[in-house]
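Report on the structure given below.
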Amino acid sequence: MKTVYVGMSGGVDSSVTAALLMQQGYNVVGVYMKNWTKDLPGMPCPWKDDFQDAKRVAVQLGIDFKVYDFQAQYLQKVVDYMIDEYKAGRTPNPDIMCNQEVKFKLFLETALDDGADLIATGHYSRATNGELHVARNQDKDQSYFLYRATEKALKKSLMPIGVFKTKEEVRSLAKKLGLVTAEKKDSQGICFVGKVGIREFLEQYVTSEPGSIINQHGREIGQHDGAIFYTIGQRHGLSVGGGLPYYVIGKNMDKNEVHVTTDLDDKKLWSKQLKLTSLHWINQAPKMDKSYMVRTRYRAPLVEATLKLNKSILTVDIAEEIRAVTPGQSAVFYDGSRVVGGGVVV
RNA sequence: UGGGGCGUGGCCAAGCGGUAAGGCACCAGUUUUUGGUACUGGCAUUCGGGGGUUCGAAUCCCUCCGCCCCAG
């Protein structure tokens, strides 16, 4: 009998994951990854509740339960990365980094050393034969966040939630099994900070100064309180009114300027070509003479693209214009249902 | 100082005698395991101040205040 260590976050999905694997005959061990426990002003960290829920489900299922304390590594690999990226004027995706460094590396290695044959997570995605595929539930598909997992890690990973067509099925199964997390609300926001906004989080770690907001004609139309807080395509939070909404089209970190436009067709708001770095391919590198489907943000519709590699930079020509492509964010390629890999927008 | 124009919520802006459109911003919520987007809802008992005419005024009259433009 194979032993699977299931990452249990205290949510429905990972609860059902553990239950399903038991039914499938695995020896299941539940693991709560303690990644972040820090309270922030006005928003206590929900880790204790989540931990309790994970533990309760483990007890309900009658499986062993462990806690892995990854706080130090999480801080270094995910939080520091995130803060550094923001400081550099980019917009990072901490959850992708969390999957790459913590769930499918640290957790995997720790579990294997601990006696596991495999690990499992509650992701809406499918890991089969070292390949990563989209979830059957197209709406919830989380493969975007997983493109930096390695083939080696995927060979050791199970994602049983990926076969469900709807979230309702997962919930009703949880209900049928009487799991205490059956009705728990989906989590959102940065995985570790909970509902706190990114801005409130950043304010704890960086100092910022007021700067100019410049419109498409080069006119200063207002002041912001730190260019670091803004990202491409953003509309709210500028506090400048009068006529049409303003969208961020760029930043100048040296001058601490935020550039905006009221023109929805502004060239700087749309891209037909991307430059990617930090490339990561899962099975083998994509072919340069073939077209793939790509998305530059979670849940965005897939668009056709062709790739061209020179040195370590991948140039991607897209079939249609994509709005607000943002440096620091990831572009992920698909070949049918299979995730090919991707890279980070320069 | 003369001549003209304007002053409506934080911003832009309709209304020009019948009891305050709309947009932006903001706030709340929905969607969402990043950021962002989008969607829904909320948001002026009051129209620069004061007085008057009228059944009734932001809309007419008087006056004061503040802007803007053109003159000389």
Side-chain angles (χ1 to χ4, degrees), chain A residues 7-14 17 33 35-36 46 50 78-79 81-83 85-103 121-125 135 137-148 159 161-162 167 170 184-202 213 215 221-224 227-251 258 260-262 264 269-271 295-301 322-332 342 344-345:
Chain A
M8 296 179 71
S9 65
V12 221
D13 300 327
S14 55
T17 297
M33 284 175 247
N35 296 327
W36 185 261
D50 292 335
V78 181
V79 181
Y81 146 79
M82 184 175 95
I83 293 168
E85 284 289 290
Y86 270 109
K87 280 183 179 164
R90 292 186 287 269
T91 306
N93 188 323
D95 289 355
I96 287 175
M97 192 53 83
C98 174
N99 286 323
Q100 172 185 319
E101 294 293 333
V102 180
K103 291 178 184 155
T121 61
H123 286 109
Y124 281 79
S125 189
N137 183 343
Q138 303 273 334
D139 273 346
K140 300 284 296 184
D141 174 52
Q142 292 170 330
S143 60
Y144 175 80
F145 292 104
L146 301 171
Y147 85 96
R148 298 191 79 83
M159 300 175 192
I161 294 295
K167 178 93 188 191
V170 177
K184 192 169 170 183
K185 197 181 181 317
D186 291 6
S187 64
Q188 29 180 268
I190 320 170
C191 63
F192 61 94
V193 210
K195 291 173 219 120
V196 180
I198 185 69
R199 188 208 175 85
E200 287 67 41
F201 181 82
L202 275 179
I213 299 175
N215 72 5
I221 57 160
Q223 291 278 117
H224 66 253
I228 191 171
F229 299 122
Y230 299 88
T231 190
I232 311 302
Q234 178 172 348
R235 165 178 178 171
H236 297 286
L238 292 160
S239 291
V240 282
L244 295 168
Y246 289 96
Y247 293 91
V248 175
I249 49 174
K251 305 200 278 185
V258 171
V260 299
T261 185
T262 52
L264 282 170
L269 205 50
W270 299 90
S271 312
R295 65 162 51 105
T296 56
R297 52 170 57 76
Y298 176 52
R299 283 165 56 89
I322 298 181
R323 185 180 179 282
V325 169
T326 308
Q329 291 283 295
S330 285
V332 178
V344 176
V345 176

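Below, chain A is the first sequence line, B the second, and so on; all start at residue 1.
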(request) Mind calculating the distance between CG (A:Asp141) and P (B:U34) to the nearest angstrom? (result) 13 Å
(request) In whole angstrom, give the distance that lies between atom CZ of A:Arg323 and atom C1' of B:A38. (result) 9 Å
(request) Would you please test A:Trp36 and A:Val79 for side chain to side chain contact (heavy atoms under 4.5 Å, CB included) and show each step? (result) CA-CA 10 Å; A:Trp36 185 261; A:Val79 181; 3.6 Å; yes
(message) Over all strands shown, is A:Gly222 touching base, sugar-phosphate only, or nothing at heavy-atom distances under 4.0 angstrom?
(response) nothing
(message) One character per nucleotide, please: for nucleotides 8-13 of chain B, 5' to 3', B when the base has a protein heavy atom closer than 4.0 Å, S when only the sugar-phosphate does, - otherwise.
(response) --BBS-
(message) Strictly below 4.0 Å: does A:Tyr247 bring a side-chain N or O up to OP1 or OP2 of B:A38?
(response) yes
(message) Please give the distance between the C1' atoms of B:A44 and B:C26 as a whole number of Å.
(response) 15 Å
(message) Output the rounded distance in Å from CH2 (A:Trp36) to P (B:U34).
(response) 17 Å
(request) In whole angstrom, give me the gap between the C1' atoms of B:U46 and B:A38. (result) 33 Å
(request) Classify the nucleic acid contact of A:Leu238 as base, sugar-phosphate or nothing, counting any heavy atom under 4.0 Å across all strands shown. (result) sugar-phosphate
(message) Keeping A:Gln329 on the side-chain end and A:Thr91 on the backbone end, is there a donor-acceptor pair under 3.5 Å?
(response) yes
(request) Tell me what A:Thr91 touches on the nucleic acid: a base, only sugar-phosphate, or nothing, going by heavy atoms under 4.0 Å. (result) base
(request) Using atom CD1 of A:Ile249 as one end and atom P of B:G36 as the other, report the distance to the nearest whole Å. (result) 18 Å
(request) Quick one: list whatever passes side chain to side chain contact (heavy atoms under 4.5 Å, CB included) with A:Val240, sequence neighbours left out. (result) A:Ile213, A:Ile221, A:Leu238, A:Tyr246
(request) Could you tell me which non-hydrogen atom of A:Leu202 sits nearest to which non-hydrogen atom of A:Ile228, and how far apart they are? (result) CD1-O, 4.4 Å
(request) Check A:Ser14 against A:Met8 and note the closest heavy-atom contact, atom names and distance. (result) OG-CA, 3.7 Å
(request) Could you check how far OH of A:Tyr246 sits from P of B:C26, rounded to whole Å? (result) 13 Å
(message) Heavy-atom nearest nucleotide on RNA chain B for A:Leu264 versus A:Val325: which residue maps closer to 5'?
(response) A:Val325
(request) Give A:Tyr86 one of three labels, base, sugar-phosphate or nothing, depending on what nucleic acid heavy atoms sit under 4.0 Å from its own. (result) sugar-phosphate
(message) Taking only the P atom of each, what is the distance from B:C68 to B:C47 in whole angstrom?
(response) 24 Å
(request) Tell me whether the OP1 or OP2 atom of B:C26 has a side-chain N or O from A:His236 closer than 4.0 Å. (result) yes
(request) Indicate, yes or no, whether a donor-acceptor pair under 3.5 Å links the base of B:U34 to the side chain of A:Gln329. (result) yes
(request) Report yes if a side-chain nitrogen or oxygen of A:Arg297 is closer than 4.0 Å to either non-bridging phosphate oxygen (OP1 or OP2) of B:G35; otherwise report no. (result) no
(request) Please check the phosphate of B:A25 (OP1 and OP2 only) for any side-chain N or O of A:Arg235 closer than 4.0 Å. (result) yes
(request) Look only at the side chain of A:Arg299 and the backbone of A:Asp139, and say whether a donor-acceptor pair between them is shorter than 3.5 Å. (result) yes
(request) Return the 5'-most residue of the pair A:Gln142, A:Ile232 with respect to RNA chain B, ranking by each residue's nearest nucleotide. (result) A:Gln142
(message) Between B:C16 and B:U59, how many Å separate the two C1' atoms, rounded to a whole number?
(response) 5 Å
(message) Quick check against the 3.5 Å criterion: does A:Arg148 have a side-chain atom that pairs as donor or acceptor with the backbone of A:Ile96?
(response) no
(request) For the pair A:Glu85 (side chain) and A:Lys87 (backbone), establish whether a donor and an acceptor sit closer than 3.5 Å, ignoring hydrogens and angles. (result) no
(request) Determine the interatomic distance between P on B:C61 and the same-named atom on B:C69; round to the nearest Å. (result) 26 Å
(message) Between the side chains of A:Asp141 and A:Arg295, is the shortest nitrogen-to-carboxylate-oxygen separation below 4.0 Å, so that they form an ion pair?
(response) yes
(message) Roughly how many Å apart are B:U53 and B:G10, using the P atom of each and rounding to a whole number?
(response) 31 Å
(request) State which of B:A25, B:U34, B:G35 makes the closest approach to the side chain of A:Pro245. (result) B:A25
(message) If I pick the C1' atom on B:G48 and the same atom on B:A58, what distance separates them, to the nearest angstrom?
(response) 12 Å
(request) Under 3.5 Å for both distances, Watson-Crick or G-U wobble, that's the pair rule; now give the dot-bracket for RNA chain B, with | marking pairs to another strand and [ ] for crossing ones. (result) ((((((((.[[[..)..(...]]].(((((.......))))).....[[[[[..)....]]]]]))))))).
(message) Can you tell me if A:Arg299 touches the phosphate of B:U34, counting only side-chain N or O atoms and a distance under 4.0 Å to OP1 or OP2?
(response) no
(message) Working note: A:Lys140 + A:Asp186, criterion salt bridge (charged side-chain N to carboxylate O under 4.0 Å, His left out); need CA distance, chi angles, decisive distance, verdict.
(response) CA-CA 11 Å; A:Lys140 300 284 296 184; A:Asp186 291 6; 3.1 Å; yes
(message) Without decimals, in angstroms, what is the distance between A:Arg199 CZ and B:C26 P?
(response) 11 Å
(message) Distance check, C1' atoms only: B:C11 and B:A25, in whole angstrom units.
(response) 7 Å
(request) Take the protein atom CD of A:Gln234 and the nucleotide atom P of B:G36, then report the distance between them rounded to whole Å. (result) 6 Å
(request) Ignoring hydrogens and angles, tell me if any N or O in the side chain of A:Tyr230 forms a donor-acceptor pair with the backbone of A:Gly237 under 3.5 Å. (result) yes
(message) Donor-acceptor check, side chain of A:Gln142 to backbone of A:Ser125, threshold 3.5 angstrom: yes or no?
(response) no
(request) Can you tell me the distance, in whole Å, between the CE atom of A:Met97 and the C1' atom of B:G35? (result) 15 Å
(message) Distance criterion of 3.5 Å, no angle test: do you see the side chain of A:Thr326 paired donor-to-acceptor with the base of B:G35?
(response) yes
